[in-house]
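Just so you know, residue 1 is the first one in the sequence shown, and it goes up from there.
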Amino acid sequence: MKDTDIKRLLYTHLLCIFSIILSVFIPSLFLENFSILETHLTWLCICSGFVTAVNLVLYLAVKPNTSSKRSSLSHKVTRFLKCCIYFLMSCFSFHVIFVLYGAPLIELALETFLFAVILSTFTTVPCLCLLGPNLKAWLRVFSRNGVTSIWENSLQMTTISSFVGAWLGALPIPLDWERPWQVWPISCTLGATFGYVAGLVVSPLWIYWNRKQLTYKNN
């Protein structure tokens with residue numbers, strides 16, 4: 001494992017974190033009374049757009065997975081359409097899961113769906129960028145000892161940390177604190193965001209710390 005690969009991973013993650021910071025400050029220059037809490041749904045849309053755009057640009061530039069043999073235009077278009085379908089399926093699946101776990105079915109449906117969108121942005125979009133619309137590759141990466149690169153290792157960590165952050169963010173909702181951030185789904189989206197950022201920070205450091213012990217099948 002080369003230190004240059006870990007540095008590329010670290011710089012990529014730093015830019016992803018920077019995209020979230022931009023989603024907080026740039027809209028406030030153009031939108032009146034913009035804030036994460038008061039205009040939460042607007043921020044969710046903007047943050048999702050920023051993070052998705054940065055992920056697409058970075059993975060196209062860095063190209064951590066260059067094993068694809070077919071590169072015809074029709075194949076690229078088909079792959080893009082499949083990625084869009086996978087992303088929408090992820091959003092609707094998360095929405096259904098949230099409802100099953102107690103989210104309002106009809107009331108606040110838009111809030112629930114946008115929470116599903118932001119969680120899909122933090123989890124599904126990186127999977128699509130790195131692995132493509134390949135369920136077998138997804139199952140391999142998230143199985144035990146299934147990763148074949150530091151990129152897949154970091155993908156594991158950021159995905160899991162996003163889910164854990166979202167789950168932890170739901171814990172304060174039923175508490176009688178009457179805080180504005182306890183309104184559904186603000187605490188959950190903030191928890192998912194902090195979890196995603198934590199994964200982006202911790203994964204390169206963990207990989208660097210354990211670089212001598214990590215081995216991959218394709219190395």
Side-chain angles (χ1 to χ4, degrees), residues 7-64 80 83-84 86-88 90-92 94-95 98 103 108-130 151 154-155 157-170 172-173 179-205:
K7 288 182 179 179
R8 285 201 305 166
L9 178 67
L10 176 61
Y11 295 150
T12 300
H13 284 196
L14 290 176
L15 288 174
C16 290
I17 296 174
F18 188 60
S19 69
I20 295 179
I21 297 174
L22 289 179
S23 72
V24 176
F25 291 102
I26 288 184
S28 62
L29 301 176
F30 304 97
L31 301 176
E32 294 184 5
N33 302 321
F34 176 84
S35 70
I36 294 179
L37 296 181
E38 295 181 5
T39 55
H40 190 65
L41 299 186
T42 303
W43 176 76
L44 286 180
C45 297
I46 295 173
C47 182
S48 178
F50 272 61
V51 173
T52 300
V54 169
N55 268 275
L56 290 173
V57 172
L58 286 175
Y59 281 106
L60 286 174
V62 176
K63 295 180 180 178
F80 175 76
C83 288
C84 293
Y86 273 49
F87 179 76
L88 290 176
S90 173
C91 294
F92 285 112
F94 283 145
H95 184 100
F98 299 152
L108 303 178
L110 178 60
E111 286 81 351
T112 303
F113 183 73
L114 289 180
F115 174 35
V117 170
I118 197 69
L119 189 58
S120 295
T121 301
F122 294 152
T123 58
T124 305
V125 168
C127 289
L128 291 172
C129 290
L130 183 62
W151 297 91
S154 67
L155 183 63
M157 296 182 189
T158 54
T159 301
I160 293 173
S161 62
S162 299
F163 285 130
V164 172
W167 178 75
L168 292 176
I173 292 180
R179 301 294 183 181
W181 50 267
Q182 287 181 274
V183 177
W184 173 260
I186 294 178
S187 62
C188 292
T189 58
L190 293 180
T193 304
F194 285 123
Y196 176 65
V197 171
L200 291 174
V201 173
V202 171
S203 58
L205 299 178

Discussion item. For the CZ atom on Phe113, are there more than 12 heavy atoms of other groups (residues, nucleotides or ligands in this structure) within a distance under 6.0 Å?
Written reply: yes
Discussion item. Are the side chains of Leu168 and Phe194 in contact, using a 4.5 Å heavy-atom criterion?
Written reply: no
Worksheet entry | Heavy-atom closest contact (Leu15 atom, Val54 atom, distance) | O-CG1, 3.9 Å
Discussion item. For the OG atom of Ser120 and the OH atom of Tyr86, what is their distance to the nearest 0.5 Å?
Written reply: 14.0 Å
Item to complete: Measure the spacing between CG of Leu110 and CG of Leu44 and express it to the nearest 0.5 Å.
Response: 9.0 Å
Worksheet entry | Flag side-chain contact, heavy atom, 4.5 Å: Trp184 against Thr112 | yes
Worksheet item: Phe98: what forms a ring-ring contact (aromatic ring centres under 6.0 Å, His included) with it, not counting sequence neighbours?
Response: Phe115
Discussion item. Among residues at least two apart in sequence or on other chains, which ones pass ring-ring contact (aromatic ring centres under 6.0 Å, His included) with Phe87?
Written reply: none
Worksheet item: Do Cys129 and Leu56 have side chains that get closer than 4.5 Å, going by heavy atoms?
Response: yes
Practice prompt. Can you measure from SG (Cys83) to CZ (Phe80) and round to the nearest 0.5 angstrom?
Written response: 8.0 Å
Item to complete: Please name all residues satisfying ring-ring contact (aromatic ring centres under 6.0 Å, His included) with Tyr11, sequence neighbours left out, ordered by chain then number.
Response: none
Worksheet item: If every non-hydrogen atom of Leu200 is compared with every non-hydrogen atom of Cys16, which pair is closest and at what distance?
Response: CD1-CB, 3.7 Å
Practice prompt. Ignoring hydrogens and angles, tell me if any N or O in the side chain of Ser35 forms a donor-acceptor pair with the backbone of Glu38 under 3.5 Å.
Written response: yes
Practice prompt. Taking side chain to side chain donor-acceptor pair (under 3.5 Å) as the test, write out the residues that go with His13, two or more places apart.
Written response: Ser203
Worksheet item: In Å, rounded to the nearest 0.5 Å, how long is the span from CG of Leu128 to OG1 of Thr124?
Response: 6.5 Å
Worksheet, complete the sentence: Here the ring pair (Phe, Tyr, Trp, His ring centres under 6.0 Å) pairs for residues 30-52, sequence neighbours left out, are His40-Trp43
Response to the item:
Here the gap from Leu22 atom CG to Cys47 atom SG, rounded to the nearest 0.5 Å, amounts to 10.5 Å
Practice prompt. Measure the shortest side-chain to side-chain distance between Ile17 and Ile21 over non-hydrogen atoms and say whether it is less than 4.5 angstrom.
Written response: yes
Discussion item. I'd like to check Phe163 versus Thr159 (side-chain heavy atoms, cut-off strictly below 4.5 Å). Are they in contact?
Written reply: yes
Practice prompt. State, to 0.1 Å, how close Ser162 and Leu119 come at their nearest heavy-atom pair, and which atoms those are.
Written response: O-CD1, 4.0 Å
Discussion item. When you measure from the side chain of Ser187 to the backbone of Gly169, do you find a donor-acceptor pair of N or O atoms at a distance under 3.5 Å?
Written reply: yes
Worksheet entry | From CG (Leu41) to CD1 (Ile118), nearest 0.5 Å | 11.5 Å
Worksheet entry | Heavy-atom check, side chain of Phe122 versus side chain of Thr193, under 4.5 Å | yes
Discussion item. If I compare all heavy atoms of Leu58 with all of Thr12, which pair ends up nearest, and what's the gap?
Written reply: CD1-O, 3.5 Å
Practice prompt. Could you list all the side chain to side chain donor-acceptor pair (under 3.5 Å) pairs where at least one residue sits in residues 47-58, not counting sequence neighbours?
Written response: Ser48-Thr121
Practice prompt. Run the numbers on Ser90 and Val125 for side-chain contact (heavy atoms from CB on, under 4.5 Å), then give the verdict.
Written response: CA-CA 10 Å; Ser90 173; Val125 168; over 6 Å; no
Discussion item. Give me the atom names and distance for the closest heavy-atom approach of Thr39 to Asn33.
Written reply: CG2-O, 3.6 Å
Item to complete: Answer yes or no: is there a donor N or O on one side and an acceptor on the other, between the side chain of Gln182 and the main chain of Pro172, under 3.5 Å?
Response: yes
Fill in: Nearest atoms (heavy-atom pairs only) where Ser161 meets Gly199
OG-CA, 3.4 Å
